[in-house]
**Student:** 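This structure is in structure tokens; I'll ask about it shortly.
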Amino acid sequence: MINEITVKSVLRKQKRIDSWFLSSYAINLYRGCSHDCVYCDGRDERYQVDGDFGRDVSIKSNAIELLSRELNPARKRKPFQGGFMMVCGGVSDSYQHFEKELGMTRKTLELLLEYGHPVHMLTKSTLIERDLDLLSELRRERGAVVSFSFSSVDDNLSRLLEPGVPAPSARLDAIRRFKDAGFSCGMYLMPVVPFITDSAEMIEESVCRAKEAGVDFILFSGMTLKPGRQKDYFLEFIRDEFPSELAALERLYSNNSPWGEPSSAGPYHAERYFSAAASKHRMPRRMPAGIWAPLVSRSEEIVLVLEQLEYLASLAGHNSPYGKAAWTLAGLGQPIESMSFEELCSLRGIGSFTAKLVREIAETGRCGYYEKLL
Ligand code: SF4
């Protein structure tokens, strides 16, 4: 059932450019998702999606009218800086079934083209191919990246885990067509489901098939299971479909972390499997700078590189100062590239090595250390 709701704003500015999803702004048009994936985090009470999550979907009926005002520079008191727009929601997919009839995402892309903003699209649906014409124009004019998410590349498992979306094989075929049309494409291998899609073999198969399809990068994440509606729904599904895994899954999430992380004592090695498969198949584990560097400001580039360095260091099991440095610099609200080495070193949490990296990016647009690690 579709419910119409009205909202006060649609464009959500991120505190800093998001290095996972490459977005300065997020645009959510729907609330609730007919794709109905059994692990969906959108069921969590804090997102306030009322009704039956996979069936009762709310559309923001005034979203397009609001967006055309929010994006219009003539209506801004302060100049609108713009930046990468992510048309996707944590609690909805912009290409869920209702989009076919309502066309809200298509109208949004028309506005983004009109006002000249680059986009990153992330979906599980091949319906995105309907908008290949608009996305191609956006890619040529301003930049567009297209990514698909997967929990595995196994069509049979996907039918159970993600009952409302096209099979992984169809998503991989769609990636091939976007690649043929000149797009940079990503795979978001998230979440892999513990004990079901997180074996070393399944993860390597996902990396291999993505590589064959021409994917430029893969981002990986395990599953979070927040106590309450999300956890209850998921465990009910496991009880019916994978009863032999129920006890292990209950144990893994028995800490009832409010953010849904598995217990650290749990048998959870998927990140290591992914890292090994990505190294073996030479697959970048973050969106490579070659894709986004020409499309973001130099300050955003510095923040993105530092955040990616933080992730790469964490994969190697090291603590690093780069995440904190990215946070500090993004919060300054001034062009980072014009700061001297001494000014950078005077900031809390920024040492001389980090300051050198920042100056290198500021002066050359590149970072040798980052390129080596990636
Ligand atoms: S496609 Fe995304 S938002 Fe929709 S149900 Fe699946 S995980 Fe949730």
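Order of listing sets the numbers, starting from 1, for every ligand and every atom in it.
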**Student:** Of the backbone and side-chain N, O or S atoms of H35, does one lie nearer to atom 4 (Fe) of ligand 1 than 2.8 Å?
**Tutor:**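 So H35 does not count as coordinating atom 4 (Fe) of ligand 1.
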**Student:** Report, in ascending order of atom number, the atoms of ligand 1 lying under 4.0 Å from any heavy atom of D93.
**Tutor:**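 Every atom of ligand 1 under 4.0 Å from some heavy atom of D93: 1 (S).
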**Student:** Show me the pairs that pass ring-ring contact (aromatic ring centres under 6.0 Å, His included) and involve residues 27-62, at least two apart or across chains.
**Tutor:**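 Sorted result for residues 27-62: H35-H97.
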**Student:** Could I get the full list of side chain to side chain contact (heavy atoms under 4.5 Å, CB included) partners for F242, not counting sequence neighbours?
**Tutor:**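 Partners of F242 under the side chain to side chain contact (heavy atoms under 4.5 Å, CB included) test: L157, L160, I196, F237, I238, E245.
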**Student:** Is it the case that R43 places NZ or CZ above or below the six-membered ring of Y233, under 6.0 angstrom from the centre and within 45 degrees of the axis?
**Tutor:**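 Because its charged atom sits under 6.0 Å from the ring centre and within 45° of the axis, R43 does stack over Y233.
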**Student:** With backbone taken as N, CA, C and O and side chain as the heavy atoms from C-beta onward, which portion of D41 lies under 4.0 Å from ligand 1: side chain, backbone, both, or neither?
**Tutor:**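 No part of D41 is near ligand 1 at this cut-off.
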**Student:** Within the 4.0 Å heavy-atom shell around D36, which atoms of ligand 1 are there?
**Tutor:**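 In order of numbering, the contacting atoms are 5 (S).
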**Student:** Would one find an N, O or S atom of C40, in either backbone or side chain, under 2.8 Å from atom 6 (Fe) of ligand 1?
**Tutor:**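 Within the cut-off used here (under 2.8 Å), C40 places no N, O or S atom near atom 6 (Fe) of ligand 1.
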**Student:** Report the residue from F148, F21, W20 that forms a ring-ring contact (aromatic ring centres under 6.0 Å, His included) with Y188.
**Tutor:**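 Checked F148, F21, W20 against Y188; only one passes ring-ring contact (aromatic ring centres under 6.0 Å, His included): F21.
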**Student:** Counting only heavy atoms not in K280, do more than 12 fall under 6.0 Å of its NZ?
**Tutor:**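 At most 12 heavy atoms, drawn from other residues, nucleotides or ligands, come within 6.0 Å of this atom.
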**Student:** Are S92 and ligand 1 in contact, using a heavy-atom cut-off of under 4.0 Å?
**Tutor:**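 S92 counts as a contact of ligand 1 under the 4.0 Å cut-off.
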